[in-house]
Amino acid sequence: MRLIFVLYCFLHVKSSTFAIQEDTFTEELLIKPLFSEQVYAHFQFATTWNIDPKNENYHHSHLFPRPIGETIERLNIQELHISLTGGLWRYETWGYPVVDAAPGAEIWAWFKHNTDNVDTNWKLLSNSLSGLLCASFNFVDGSNTVSPQFSFRPRGIVESSNNTFLRYASLPREIVCTENLTPFKKLLPCESKSGLASLLNSGYIHNTKYHSVSLHLRQICATEACDKLAQELQLSVSLVYDYAIMGTKNWSFKKLFGHGLNGNCPLASRSNIFVDLSSKTSHDFELTPEPDDVIYSIRGGQEQMFAKYDIPPYFLSVGAKYQNNLDFNVNIPPPLHACQYLTGYGQERGGIVTEIYNNHWKSLDIVLLQNIAWFVPVYLHTLKIVSNNNQVIEPSVLKYGPGKQREKPYYLEVVLKLPPRSLTKISIDFDYVFLKWQEYPPDANHGFYIGSAIISSYLPLAKNYTGLPQDASTITGSFNASRVGYLVQIRTENMVITLPTPDFSMPYNVICLACTVVALAFGPLHNITTKRLILKKKNRKKLLERLKNKFVEKFFKKKEEKSENDKNE
Amino acid sequence: MNYIKLKPNLSLFLVIISVLATYAQLDPRFVENVKRGKHTNNWAVLVDTSRFWFNYRHVANVLSIYRSVKRLGIPDSQIILMIADDMACNPRNPRPATVFNNANQHINVYGDDVEVDYRGYEVTVENFVRLITGRLFPGTPRSKQLLTDAGSNVLIYLTGHGGDGFLKFQDSEEITSQEMADALEQMWQKQRYHEVFFMIDTCQAASMYERFYSPNILAVGSSMVGEDSLSHHVDPAIGVYIIDRYTYYALEFLETVSPESNRSMGEFLKVCPKSVCISTVGVRKDLFTRDPDTVPVTDFFGSVRPIKLLEKVTMMDISEIELPKEVEKAVDNEPKKRYYYTRPLPDFDLLVAETKKLETGIDKEREKEYVGYWY
């Protein structure tokens with residue numbers, strides 16, 4: 001028995017030593033004071049697994065989470081992107097986030113080009129994710145899924161980027177809370193026991209203006225020459241704290257996360273904290289403790305300075321104390337931002353308007369994607385694109401997929417060239433429809449959600465940009481990373497529309513009223529129809545007989561009363 | 001390649017070893033339970049059927065029981081938690097990501113590691129009946145399945161708004177007592193339970209278990225037919241009632257129970273006398289073969305798990321182990337190929353030019369894949 005056990009251990013250790021060489025894990029935290037009122041904290045956990053994608057065995061991983069590996073293998077997944085977000089990222093004042101995410105839940109996946117039935121796999125994927133992340137992904141089905149042609153190109157290396165293998169869906173109603181964070185933390189090698197993940201306390205995370213949890217899985221180059229592939233998993237948590245909620249502008253780990261950091265994750269090959277010092281010029285602050293290093297980064301015409309901390313295996317708490325001088329912040333909005341709203345009144349016709357601001361001095365190519373639910377039938381002929389209130393713009397490319405009630409959403413993808421320094425309004429009209437009685441949710445009067453529009457662009461400069469370049473999986477990789485363009489995917493607000501909602505107590509009221517009316521009408525009608533009025537003859541008995549009857553009656557009554565009194569006694 | 005060939009044999013070998021090893025290492029108490037036909041595992045189905053903020057107390061109820069069963073040892077994988085609305089992260093909650101059972105905020109019943117299996121619109125009568133009878137759609141994840149067997153003790157806890165003979169789900173549909181009884185009968189016929197403890201906290205709760213006819217069910221309801229179940233107290237910070245009386249006292253009792261304690265179900269059935277509950281707690285024992293006074297609370301709220309701690313651990317020196325070299329060779333033999341990232345957005349000027357060509361018929365070639373070395 002002993003020998004067998006030793007052998008077992010031996011084999012086990014053997015396989016895990018392989019894995020040690022194959023998986024690498026890094027944990028990073030970026031803290032960036034945003035314009036005036038908020039501070040942005042972004043956790044970036046990246047696991048890279050040098051696995052041959054042709055090797056179909058994803059079970060023997062070391063740091064890579066096994067449930068994700070199993071899903072890739074079973075459902076033939078090439079790329080997977082999930083985000084669960086509460087709140088809205090304010091592009092105009094906050095700039096661009098590291099990872100874009102729409103309010104609610106969003107999911108898009110690329111399947112491998114040898115997948116037989118993409119739709120079946122997509123359904124199975126959403127089901128298994130609903131179990132894995134405790135979110136209602138099982139509501140993702142054909143009725144809210146589209147395959148956009150331009151907006152969601154693969155982020156990693158793929159053999160074919162034919163959009164028949166792409167599926168995208170969003171659930172704008174989804175609420176994000178602790179139950180989503182718990183399974184998320186379990187995907188990390190150190191879970192929440194140590195390292196940066198130990199800072200993720202639900203009470204503090206959900207007391208923010210914006211919180212987003214995301215998972216991005218793709219294939220990347222394993223080597224410089226890119227002759228080998230690796231599987232990469234980026235897990236990230238983005239938080240925007242409001243100074244008004246915190247009560248002060250001076251932030252520290254205790255104020256942001258509830259406690260300090262108790263050492264790094266021992267399984268991580270690199271653990272860093274970066275603090276963006278760019279806002280120091282407008283409002284100076286001092287960091288405690290002193291950073292280990294200061295990094296200068298020039299990227300796409302933007303100069304930035306970052307304080308860098310290497311997380312030691314012992315306690316660390318970083319804090320910033322602001323100088324008392326006045327805050328002369330001027331908000332410079334990013335080159336591209338957008339918003340979305342509803343137009344019209346009443347419950348018959350309405351419209352969706354997307355406003356896109358181009359603050360850049362040159363024209364910009366953008367793609368607008370609208371995934372509109374089937375219960376909001378839009379009319380393509382009403383699509384109007386007007387720039388600066390007078391200039392009508394023709395879309396370069398227009399892709400439209402008509403929806404089908406209960407089966408398919410309306411899909412609209414517009415490629416546009418935005419004029420320099422312009423405000424472009426894209427509007428489309430829709431009808432309000434009646435749903436079937438049982439299709440209304442229990443809280444039908446709350447309204448129905450229309451997901452956010454997605455505006456993608458490849459910006460020529462990296463102003464206000466914090467995103468990662470395509471070839472990097474860490475924040476470190478984004479320093480001095482000047483590239484041809486910088487991808488942004490702006491998500492606009494969700495919209496809530498009130499569909500004509502019937503009064504659900506109406507049938508009950510109608511039944512009650514109808515029954516009352518019937519009952520009231522029935523009595524007299526029944527009497528009238530069934531009874532006959534007959535003239536009664538007047539009693540003409542003789543006086544003596546009448547007197548006799550009266551006497552008998554009186555006598556009998558008295559006798560009865562007497563017997564009753566006897567009983568009572 | 002040798003390594004790969006060897007693997008199936010190895011894994012089979014390992015399975016045999018591990019089976020032998022586990023059998024030998026099973027907890028003797030567990031083995032005894034199996035032999036004597038006692039329960040061998042514990043499951044809990046905890047359901048809150050009410051939506052809307054003013055039903056905060058029902059969420060607090062169900063989370064109180066969730067907290068207790070988790071603390072007493074039932075793992076999250078064996079708890080099916082159904083919550084019809086989100087209270088913890090509701091914008092009206094002044095303390096995000098918390099749900100308290102008490103205005104003094106003694107116990108955050110939501111906790112830091114809650115896992116909700118069915119939430120929001122997923123909480124429907126159909127899903128509930130499918131869950132307990134095991135008639136789920138293919139592809140349902142494990143965490144949404146009740147994988148019980150003939151050795152399972154199942155705790156079913158329901159809370160919400162009810163009436164004589166029904167329990168409302170989300171204010172839009174209801175389950176009747178007959179449907180509930182039939183679902184449990186189906187569970188019994190499919191050997192999906194050993195014993196069931198059915199607990200319900202609603203108005204006229206006793207009406208829900210009156211029609212049960214399957215064996216081995218112990219049922220308790222917070223009120224008799226014709227009675228209302230009452231809530232405990234208001235938290236002014238939240239503005240609504242925070243918990244129901246029956247569950248409040250049940251949690252108070254369960255907080256005193258530890259996984260090793262010998263407190264009996266008989267005691268648990270008496271946690272809320274009429275003086276504190278105001279409603280009369282109804283109990284149905286006729287389907288249950290054992291005497292509740294001899295049944296430990298942990299038979300339903302705790303968990304039996306076949307676990308044995310290893311006393312000896314053999315340490316190996318990793319550096320002594322030789323690594324097989326076949327795998328590396330196999331990789332080396334492959335022809336080298338350069339891979340490229342796809343450009344994240346197509347080049348639209350090029351795309352428009354191509355489309356025009358296609359339209360005018362000058363170039364009818366297939367639309368090209370825009371693959372290049374892009375960052």
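Since the model is a prediction, treat every value here as computed from it, not as a measurement. Every chain is numbered from 1 and lettered A, B, ... according to where its sequence line falls, protein lines coming before strand lines.
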**Student:** Please name all residues satisfying salt bridge (Lys or Arg N to Asp or Glu O under 4.0 Å) with Lys144(B), sequence neighbours left out, ordered by chain then number.
**Tutor:** Glu122(B)
**Student:** Check the pair Arg173(A) / Tyr121(B) against side-chain hydrogen bond (donor to acceptor under 3.5 Å, both in side chains), numbers first and verdict last.
**Tutor:** CA-CA 11 Å; Arg173(A) 182 78 206 263; Tyr121(B) 298 141; 2.5 Å; yes
**Student:** Are the side chains of Arg343(B) and Tyr458(A) in touch, meaning some heavy atoms are under 4.5 Å apart?
**Tutor:** yes
**Student:** For Ala97(B) versus Thr178(A), what's the shortest heavy-atom pair and its separation?
**Tutor:** CB-OG1, 3.6 Å
**Student:** What's the separation between atom OG in Ser202(A) and atom OH in Tyr110(B), rounded to the nearest 0.5 Å?
**Tutor:** 7.5 Å
**Student:** Grab the two heavy atoms, one from Arg338(B) and one from Ala225(A), that are nearest each other, plus how far apart they are.
**Tutor:** NH1-O, 2.7 Å
**Student:** Does any heavy atom of chain B fall under 4.5 Å from the side chain of Ala135(A), the backbone, both, or neither of them?
**Tutor:** both
**Student:** Could you list the residues that satisfy salt bridge (Lys or Arg N to Asp or Glu O under 4.0 Å) with Glu173(B), not counting sequence neighbours?
**Tutor:** none
**Student:** What part of Phe52(B) lies closer than 4.5 angstrom to a heavy atom of chain A: side chain, backbone, both or neither?
**Tutor:** side chain
**Student:** So how far is it from Tyr341(B) OH to Gln219(A) CD, rounded to the nearest 0.5 Å?
**Tutor:** 10.5 Å
**Student:** Applying side chain to side chain contact (heavy atoms under 4.5 Å, CB included), run through Asp349(B) and Lys417(A) and close with a yes or a no.
**Tutor:** CA-CA 10 Å; Asp349(B) 291 335; Lys417(A) 210 175 236 327; 3.4 Å; yes
**Student:** By a 4.5 Å heavy-atom criterion (distance strictly below it), what part of Ile175(A) contacts chain B: side chain, backbone, both, or neither?
**Tutor:** both
**Student:** Are Asn180(A) and Arg119(B) side-chain neighbours, meaning at least one heavy-atom pair lies under 4.5 Å?
**Tutor:** yes
**Student:** Please report the interatomic distance CZ(Arg155(A)) to OG1(Thr342(B)), rounded to the nearest 0.5 Å.
**Tutor:** 11.0 Å
**Student:** Checking heavy atoms, do the side chain of Val176(A), its backbone, both or neither come under 4.5 Å from chain B?
**Tutor:** backbone
**Student:** For the atom pair CG (Asp113(B)) and CD (Glu191(A)), what is the distance rounded to the nearest 0.5 Å?
**Tutor:** 10.5 Å
**Student:** Relative to chain B, which segment of Phe139(A) carries a heavy atom at a distance below 4.5 Å: side chain, backbone, both, or neither?
**Tutor:** side chain
**Student:** How many angstroms lie between CD in Glu174(A) and CG in Asp86(B), if you round to the nearest 0.5 Å?
**Tutor:** 9.5 Å
**Student:** Rounded to the nearest 0.5 Å, what's the gap from NZ on Lys186(A) to CD on Glu115(B)? Could you check?
**Tutor:** 4.0 Å
**Student:** Of the backbone (N, CA, C, O) and the side chain (C-beta and beyond), which part of Lys123(A) lies under 4.5 Å from a heavy atom of chain B, both, or neither?
**Tutor:** neither
**Student:** Could you look at Val114(B) and say if it's the side chain, the backbone, both or neither that has a heavy atom under 4.5 Å from chain A?
**Tutor:** both
**Student:** Counting only heavy atoms closer than 4.5 Å, note whether Ile205(A) contacts chain B via side chain, backbone, both or neither.
**Tutor:** neither
